[in-house]
Amino acid sequence: MRLSRYFLPILKETPAEAQIVSHRLMLRAGMIKQASAGIYSWLPMGFKVLRKLENIVHEEQQRAGHHPMLMPTLQSADLWRESGRYDDYGEEMLRITDRHGRDMLYGPTNEELITDIFRSYGGSYKQLPLTVYHIQWKFRDEVRPRFGVMRGREFLMKDGYNFDLTKEDALHSYNRHLVTYLRTYERMGLKAIPMRADGGPIGGDYTHEFLVLAETGESEVFYDSAVTDLSFDDRDIDYNDKAQCGAILEEFTSKYARTDETHEEALFNEIPEERRMTARGIEVGQIFYFGTKYSDALGATVTDGEGNKTAVHMGSHGIGVSRLIGAIIEASHDDKGIIWPEQVTPFGAGIVNLRQGDDATDAACEDLYAKLTAAGVDPLYDDREERAGGKFASMDLIGLPWRITVGPRGLKEGKVELTRRKDGETIEMSPDDAVARLAEIYG
RNA sequence: CGGGCUAUAGCGCAGUCUGGUAGCGCGUCCGUCUGGGGGACGGAAGGUCGCAGGUUCAAAUCCUGCUAGCCCGACCA
């Protein structure tokens, strides 16, 4: 992409409403624009990152055999009356009346709808196990939306639902989801720690939240430092292997790690003192096993091998996809701007032309742009009539992991500079070497 | 939902107390010089001062009502 042709409204000054760093940087980097309280438009670069996150979620869900689908944002109140949650959910649920006077709602989650779908076609245990999911906009009418996309009212969430014949099978689904989540967050360059959680309005005894450690996190967390040493490292997983998934759950959840909601001081104090950590975290996902709560309420049954009707065991699992962008920025930035992990960066590298209009420099940049594009690096070429300082500041702000700096001085020696955003490390090399290097990084 | 606050040009702000022809910085557009970390100079465009009503010869400014947004707390993916 040529920056001169892109829609990237970079702000030099911070809009007054933004308090936390991810919100400020997202506004300044031209990723989002507030439409009303807690509701945002996603501008091209923000949308690009959002799509990348969605893709990672899709890939990891489908790798585990979960099926993508799409349910509507608007739902009928009838289903929610049937489950009893129409009244329980309270003011957070946005209620709407259509022209016929029918009560509708903008879905805050989809347990009812998916259970209704399942029961409509259900019947045999032979269909099980089944896990379906979708990535769809949700609405929760927060009393006080804030922090940009971190606590919006409208937000993009991946929510998945598993249907199993027995509790044992459903717990395997639970474990399997934990594994997919570990891998998903790792692929986004995030360290998200599973912590024992509270069921909340969705309910259920088995539930873990995934938290990204960050100073601005909304939850206070308590954990054994041994959990942050754990690393998933792209293991080869057989998602049907109950023992393997169970072992991973055991490995990642047996150490103490809890939010303030479930924290128990006595248990915490059993950890050796030097490993007792208190910090703040951003919740980016949660998994639940809630048994037959919804299948009982809504009559979602299957016929088992002996001809008896039995309620299916269910679980649900969510990832706050739009919130993740905020979480990634909170976890990865400096005073100059965002520092994107390579896995989710909107563009693989930036090309900074220090002397726009100089024939040799322009030609070198064009050549780099073409080669990087061909190599799949997806470069952003800053071809604006700007001075060097402005271009550097813009690149630092939007936070692409790599920058190629092209100027007449270096070109005389046949060199450009390759700079890593994370630490500013700069190496001079030939343009072709820079292309090869980036092609390898993103290959 | 309790408490606090804000609304003036695309963004950040001053002007409001004490009513009298709406300003600054950044950004934008044009030109010249410049050219490796937000450069200089010259010129230009851009505002029913959140909305409605009232007081007044005169309202961004005073009064009333409304709307939107922000912050702290309680609550939440």
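Because the structure is predicted, anything quoted here is derived from the model rather than measured. The sequence lines fix the lettering, A, B, ..., with proteins before strands; numbering per chain opens at 1.
- Within 4.0 Å (heavy atoms only), A:Gly407 reaches at least one base atom of the nucleic acid.
- Both stacking criteria are satisfied for A:Phe155 over the base of B:A77: a centre-to-centre distance under 5.5 angstrom and an angle between ring planes under 30 degrees.
- OP1 and OP2 of B:C11 both lie 4.0 Å or more from every side-chain N or O belonging to A:Lys12.
- No side-chain heavy atom of A:Tyr369 sits less than 4.5 Å from a side-chain heavy atom of A:Asp383.
- Distances from the side chain of A:Ala393 to the nucleotides B:A77, B:C72, B:G38 place B:G38 closest.
- In this pair, A:Phe252 and A:Phe232 present their aromatic rings tilted. The plane angle is within the 30 to 60° band.
- Note on A:Glu92: only backbone sugar-phosphate atoms sit closer than 4.0 angstrom, heavy atoms only; bases stay farther off.
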Show the atom names and distances, to 0.1 Å, of all donor-acceptor pairs under 3.5 Å that link a side chain in residues 71-78 of chain A to residues at least two apart or in another chain.
{"residue": "A:Gln75", "atom": "OE1", "partner": "A:Trp80", "partner atom": "NE1", "Å": "2.7"}
{"residue": "A:Gln75", "atom": "NE2", "partner": "A:Thr109", "partner atom": "O", "Å": "3.2"}
{"residue": "A:Ser76", "atom": "OG", "partner": "A:Asp78", "partner atom": "N", "Å": "3.1"}
{"residue": "A:Asp78", "atom": "OD1", "partner": "A:Arg81", "partner atom": "NH1", "Å": "3.3"}

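- Among the heavy atoms of the strands, none lies under 4.0 Å from A:Gly320.
- Residue-level contact check: A:Gly38 touches neither bases nor backbone, having no heavy atom under 4.0 Å from any strand.
- As judged by a 4.0 angstrom heavy-atom cut-off over every strand, A:Leu354 is placed among the base-contacting residues.
- The CD atom of A:Glu386 sits 14 Å away from the P atom of B:G37 (whole-angstrom rounding).
- With contacts defined as side-chain heavy-atom distances shorter than 4.5 Å, the pair A:Tyr206/A:Lys167 qualifies.
- With a cut-off of 3.5 Å on both pairing distances, the Watson-Crick or G-U wobble partner of B:G31 is B:C41.
- For A:Arg403 and B:G37, a side-chain-to-base donor-acceptor distance below 3.5 Å is present, hydrogens and geometry of angles not being considered.
- If you check every strand for non-hydrogen atoms under 4.0 Å, A:Glu17 touches sugar and phosphate atoms only.
- For A:Ala388, the side-chain atoms get nearest to B:G37 when compared with the rest of B:G38, B:A74, B:G37.
- Between the base of B:G39 and the side chain of A:Arg387 there is a donor-acceptor pair shorter than 3.5 Å.
- As rounded to whole Å, 13 Å separates atom C1' of B:A77 from atom CH2 of A:Trp137.
- Among the protein residues, A:Ala37 comes within range of the sugar-phosphate backbone only, with heavy atoms under 4.0 Å from sugar or phosphate atoms but none that close to a base.
- For A:Glu13 and B:G27, a side-chain-to-base donor-acceptor distance below 3.5 Å is absent, hydrogens and geometry of angles not being considered.
- When distances are taken from the side chain of A:Arg355 to each of B:G38, B:C72, B:G35, the shortest belongs to B:G35.
- The side chain of A:Gln34 lies closest to B:C70, out of B:A77, B:G36, B:C70.
- Neither OP1 nor OP2 of B:C72 sits under 4.0 Å from any side-chain N or O of A:Gln19.
- Ion pairing between a basic and an acidic side chain is recognised when a charged N comes within 4.0 Å of a carboxylate O; A:Arg140 and A:Glu92 show no such pairing.
- Judged by closest nucleotide on RNA chain B, A:Thr14 is the one of A:Thr14 and A:Thr419 placed further toward the 5' end.
- Residue A:Met150 is in base contact, counting any heavy-atom pair closer than 4.0 Å across all strands shown.
- Residues A:Tyr442 and A:Pro401 approach most closely at OH-CG, 3.4 Å, considering heavy atoms.
- Between the side chain of A:Asp358 and the base of B:G35 there is no donor-acceptor pair of N/O atoms closer than 3.5 Å.
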